[in-house]
Visitor: 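This is the structure I want to talk about, given as structure tokens.
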2 protein chains.
Amino acid sequence: MAEDLVARLGHLTLGSRLKRLGERLQSETSRFIRAEGADIPASWFPVLASLDRAPASVGELAEQLGVAQPGVTRTVTSLADLGLVTVAADGDDRRRRTVALTAAGAALVERARRDLWPRIDAAVAEACGGLEGSLLEQVAGLERRLDDRPLDRRAAELATTAEHAAPVAPATPGAEGVS
Amino acid sequence: MAEDLVARLGHLTLGSRLKRLGERLQSETSRFIRAEGADIPASWFPVLASLDRAPASVGELAEQLGVAQPGVTRTVTSLADLGLVTVAADGDDRRRRTVALTAAGAALVERARRDLWPRIDAAVAEACGGLEGSLLEQVAGLERRLDDRPLDRRAAELATTAEHAAPVAPATPGAEGVS
DNA sequence: CCTCATTCGATAACAGGTTATATAGCAGCA
DNA sequence: TGCTGCTATATAACCTGTTATCGAATGAGG
């Protein structure tokens with residue numbers, strides 16, 4: 001009955017499995033965001049969130065977000081095409097390009113911070129809540145819970161009981177950032 | 001000081017983070033395999049492991065491995081190009097294509113089962129060992145441990161203290177064929 | 001000043017996952 | 001018999017990550 005072989009292989013295939021689970025979370029999150037009328041992929045939000053704290057160069061974003069530089073370049077290009085950020089050559093060092101939110105970008109972040117992020121965060125927290133045991137066991141548990149109720153459904157249903165929406169990452173620069 | 005913003009955002013970006021971590025495990029595993037002289041990506045092994053139990057159609061593989069069908073088609077095509085599997089039209093239902101290991105494929109699986117998988121499994125288990133707490137905390141912990149000593153180094157070093165290489169997957173009821 | 005190594009970012013190519021769609025075969029039924 | 005619809009696979013296109021590499025700008029040293 002087609003049990004999941006990858007799951008059965010245990011640690012051997014943890015990589016595949018985490019990747020699959022991550023993609024699933026991303027895509028369900030994106031679906032929720034789309035349903036809320038903001039048609040931008042979930043993966044762009046970290047860049048926006050960072051820029052909301054302060055403008056930054058491409059390399060700074062890459063370091064801050066922990067992704068490779070070409071990934072940032074691509075996302076920034078897309079954001080610029082949508083008019084959400086500006087990209088300007090740095091005055092001091094003309095190799096650097098400084099990325100900053102436009103008014104539209106800031107408005108989007110504002111809205112996301114208010115309406116979207118708290119619910120996404122709460123939905124993920126709910127899906128992960130109470131999981132116990134080893135990493136492998138918790139991964140399996142999260143997979144099961146998402147089978148049961150996907151993330152976008154969880155986030156949408158949280159909407160109805162709005163007071164759940166807990167405040168998310170208080171964007172204060174590094175204050176609580178234990179790293 | 002560029003703490004990891006994605007990590008700071010907590011549950012909100014768990015998807016990105018899991019995906020990144022999974023990719024990292026996959027690529028470090030592939031690096032180890034390459035260093036051992038078998039130049040095939042880690043992501044192909046689940047297919048080989050499944051076929052080692054029994055030939056299967058593309059759709060059966062997809063279901064068993066929990067991935068989408070086109071992904072299986074692509075992997076199978078590559079494996080066939082390398083002569084590790086054969087793909088033959090099913091006699092009963094000519095829509096189906098039955099995939100089976102060749103002798104070379106079976107030999108590779110044999111070797112992997114003996115020399116590679118136990119060490120990879122042990123290395124991952126070592127990297128995950130003793131992690132505690134919530135999923136988020138364990139993910140952070142695993143990231144830190146891999147920063148400290150990447151998976152391929154762990155697997156390689158296990159080699160030297162060979163008796164560590166505990167028989168692995170046998171753990172699960174049938175990594176070698178039971179179920 | 002000039003040269004040369006380094007750094008920044010863009011670009012290209014690849015990986016491994018996805019969805020959407022086209023095609024071919026099968027099967028039920030009028 | 002032939003239509004109609006479902007199923008199995010392949011193919012195309014996309015996403016978001018990666019590495020490798022290149023050009024331009026910087027800056028240190030001779």
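Fair warning: this is a prediction, and the values are worked out from it, not measured in the lab. Chain identifiers are assigned alphabetically (A, B, ...) following the order of the sequence lines, protein sequences preceding nucleic acid strands; residue numbering begins at 1 within each chain.
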Visitor: Please enumerate all residues that pass ring pair (Phe, Tyr, Trp, His ring centres under 6.0 Å) together with B/Phe45, with sequence neighbours excluded.
Guide: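 B/Trp117.
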Visitor: Walking along DNA chain D from 5' to 3', note the first and the last nucleotide with an atom under 4.0 Å from a heavy atom of chain B, and give both.
Guide: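 Result: D/dT7 to D/dG17.
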Visitor: If you pin A/Ala68 and B/Val58 to their nearest nucleotides in DNA chain D, which one's is more 5'?
Guide: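 Nearest-nucleotide comparison on DNA chain D picks B/Val58.
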Visitor: If we count only N and O atoms by modelled type, under 3.5 Å, do the side chains of B/Gln26 and B/Ser43 hold a donor and an acceptor together?
Guide: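 Judged by distance alone, the side chains do not pair up.
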Visitor: Among all residues two or more places apart in sequence or in another chain, which pass the side chain to side chain donor-acceptor pair (under 3.5 Å) test with B/Arg31?
Guide: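 If we apply the side chain to side chain donor-acceptor pair (under 3.5 Å) test to B/Arg31, skipping adjacent residues, the hits are B/Asp152.
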Visitor: Across the strands shown, which category fits A/Val72 at heavy-atom distances under 4.0 angstrom: base, sugar-phosphate, nothing?
Guide: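 It contacts nothing in the nucleic acid.
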Visitor: Considering only heavy atoms of chain B and a distance under 4.0 Å, specify the first and last nucleotide of DNA chain C in 5' to 3' order that meet this criterion.
Guide: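 Contact boundaries, 5' end first: C/dG16 to C/dC26.
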Visitor: Which residues pass the salt bridge (charged side-chain N to carboxylate O under 4.0 Å, His left out) test with B/Arg95, not counting sequence neighbours?
Guide: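 In terms of salt bridge (charged side-chain N to carboxylate O under 4.0 Å, His left out), with neighbours along the sequence ignored, B/Arg95 is linked to B/Asp93.
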Visitor: My understanding is that only residues two or more places apart in sequence, or in another chain, count here; which of them pass side chain to side chain donor-acceptor pair (under 3.5 Å) with A/Thr98?
Guide: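 So A/Thr98 forms no side chain to side chain donor-acceptor pair (under 3.5 Å) with any residue.
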Visitor: Please assess B/Glu110 against B/Asp52 for the test side-chain contact (heavy atoms from CB on, under 4.5 Å), listing each intermediate value before the final yes or no.
Guide: CA-CA 9 Å; B/Glu110 184 49 37; B/Asp52 187 46; over 6 Å; no
Visitor: Heavy-atom contacts under 4.0 Å between residues 78-97 of chain B and DNA chain C, which residues?
Guide: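 Contacting residues: B/Asp92, B/Asp93, B/Arg94, B/Arg95.
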Visitor: Counting any heavy atom closer than 4.0 Å, what does B/Pro41 reach on the DNA or RNA strands: base, sugar-phosphate only, or nothing?
Guide: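 Contact class for B/Pro41: sugar-phosphate only.
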Visitor: Just grab all the ring pair (Phe, Tyr, Trp, His ring centres under 6.0 Å) pairs involving residues 131-157 of chain A, residues at least two apart or on different chains.
Guide: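 Pairs touching residues 131-157 of chain A that pass the test: none.
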Visitor: Using side chain to side chain donor-acceptor pair (under 3.5 Å) as the criterion, list what pairs up with B/Arg149, not counting sequence neighbours.
Guide: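 With neighbours one apart ignored, the set is B/Glu126, B/Glu157.
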Visitor: Taking any heavy-atom pair under 4.0 Å as a contact, classify B/Ser57: base, sugar-phosphate, or nothing.
Guide: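 Counting heavy atoms under 4.0 Å across all strands, the contact made by B/Ser57 is with sugar-phosphate only.
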Visitor: Give A/Gly59 one of three labels, base, sugar-phosphate or nothing, depending on what nucleic acid heavy atoms sit under 4.0 Å from its own.
Guide: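 It contacts sugar-phosphate atoms only.
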Visitor: Among all residues two or more places apart in sequence or in another chain, which pass the side chain to side chain donor-acceptor pair (under 3.5 Å) test with A/Thr73?
Guide: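 A/Thr73 satisfies side chain to side chain donor-acceptor pair (under 3.5 Å) with A/Gln69 once adjacent residues are dropped.
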Visitor: How would you label the contact of B/Gln69 with the nucleic acid (heavy atoms, under 4.0 Å): base, sugar-phosphate, or nothing?
Guide: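 Base: the residue B/Gln69, judged by heavy atoms under 4.0 Å, touches a nucleobase.
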Visitor: Does any pair with a residue in residues 130-157 of chain B pass ring pair (Phe, Tyr, Trp, His ring centres under 6.0 Å), and if so which ones, sequence neighbours excluded?
Guide: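 Found none.
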Visitor: Considering only residues two or more places apart or on different chains, which pairs with a residue in residues 66-79 of chain A satisfy salt bridge (charged side-chain N to carboxylate O under 4.0 Å, His left out)?
Guide: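 Found none.
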Visitor: When the nearest nucleotide of DNA chain C is assigned to A/Lys19 and to A/Thr77 on a heavy-atom basis, which residue is associated with the more 5' position?
Guide: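 Upstream on the strand: A/Thr77.
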